[in-house]
There are 2 protein chains.
Amino acid sequence: MRDPLPDFPGYSLRRAANATAAELSLRLAPLELRQVDASVLILIGENPDVTASALGRQLDIQRANMVPLLKRLEDAGLIERNPLDGKSQGLALTATGKDKCKQAQAIIEKFEAEMLERVPEPHRQHLLPALYALWQ
Amino acid sequence: MRDPLPDFPGYSLRRAANATAAELSLRLAPLELRQVDASVLILIGENPDVTASALGRQLDIQRANMVPLLKRLEDAGLIERNPLDGKSQGLALTATGKDKCKQAQAIIEKFEAEMLERVPEPHRQHLLPALYALWQ
DNA sequence: ATGGATTGCTATAAACAACAACAATTGTTA
DNA sequence: TAACAATTGTTGTTGTTTATAGCAATCCAT
């Protein structure tokens, strides 16, 4: 079939993102974590007592949509909330959460390395800076 | 906030894809087309009498999900169906569809060009081949 | 001619994201 | 310090997208 779409960088960007996201999801499934869960765990691990609102801003997830996400992680015993003042609550990883986070990071780092290996050497080092420029 | 995520190519890939998709959606909105609509119109334009199943395979969209998509395009008077045999139907652009498709292509090409301009020159030519390797 | 594959479709469910609204609390500044 | 503005965590709702299973009709290959 004649298909001019893959020559559009924007189209290939979408397809590449879908393909890699699907594969990472498969690899995170044994941990019963989604990608967004892993992102949140990593960010909380790096920033103890971060608030739900701040997390949402960093990840471009609306406050309202953080609620079920955090509830799921809390129900799974991975995070806990500590009141910072009368209205904000700081998030932190539980012991189980720290363990899961470490496992997830290992999976992600392996996945990222394998993903980069698939990119022909001459282009490899240009990928991250090019992507970075598109959304930062 | 400490955020190691943007250093993961996979994460930046997802964020870049989201950011660019959101912007392209805005630009296509005046035509009342979504990105997937534009993709389908372009593919049909290049391949008259293609079937819904073949389209779905090319775009990685399941047969079942092509139904409402094509119905929408048909209701908008952009495509028409011609029976090829007792069960398959060939898709083609109507006159209105051809016009819309051309407008969409113009918007997309302008968008892609501007997107590439945002990528620093040394990395620019490497983006498409790198992305291509990730999903082809 | 029969059995397997394909086509188009229905129906359903899950995940994800967008929006508006709300009470409570915090901060800002007049 | 009193009043006003902004922020936080929620709820509820909606729309979009995608996945899954199933079905009748038709095509194709042996």
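Labels below follow one simple rule: chain letters A, B, ... track the order of the sequence lines, proteins then strands, and each chain is numbered from 1.
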Judged by modelled atom types alone, do Asn82(A) and Gln89(A) share a side-chain donor-acceptor pair under 3.5 Å?
-> no
Residues Glu23(A) and Arg118(A) bridged, charged N to O under 4.0 Å = yes
Sidechain N-carboxylate O distance under 4.0 Å for Arg27(B), Glu114(B) | yes
Among [options], the one nearest [X] by side-chain distance:
X: Ala52(A); options: dA21(D), dG8(C), dG9(D); answer: dG9(D)
X: Gln89(A); options: dA5(C), dG9(D), dC19(C); answer: dG9(D)
X: Arg57(B); options: dT7(C), dT11(D), dT8(D); answer: dT7(C)
X: Asn65(A); options: dT26(C), dA17(C), dT10(D); answer: dA17(C)
X: Thr51(B); options: dC19(C), dC9(C), dG8(C); answer: dG8(C)
X: Arg34(B); options: dT8(D), dT16(D), dT20(D); answer: dT16(D)
X: Ser88(A); options: dA21(D), dG8(C), dT8(D); answer: dT8(D)

Within the structure, does a side-chain N or O atom of Arg63(B) lie under 4.0 Å from either OP1 or OP2 of dA5(C)?
-> no
Is any side-chain nitrogen or oxygen of Arg72(B) closer than 4.0 Å to OP1 or OP2 of dT16(D)?
-> no
Where each residue is assigned the nucleotide of DNA chain C containing its nearest heavy atom, which of Asp85(A) and Val36(A) is assigned the position nearer the 5′ end?
-> Val36(A)
Along DNA chain C (nearest heavy atom to each residue), the more 5'-positioned of Lys87(B) and Ala64(A) = Lys87(B)
Spacing between [X] atom [atom1] and [N] atom [atom2], to the nearest angstrom:
X: Gln62(A); N: dT14(D); atom1: CD; atom2: P; value: 17 Å
X: Leu69(B); N: dT17(D); atom1: CG; atom2: P; value: 8 Å
X: Met66(B); N: dT6(C); atom1: CE; atom2: C1'; value: 16 Å

Testing Asp49(A), Leu78(A), Val50(A) for side-chain contact (heavy atoms from CB on, under 4.5 Å) with Ile44(A), which one passes?
-> Val50(A)
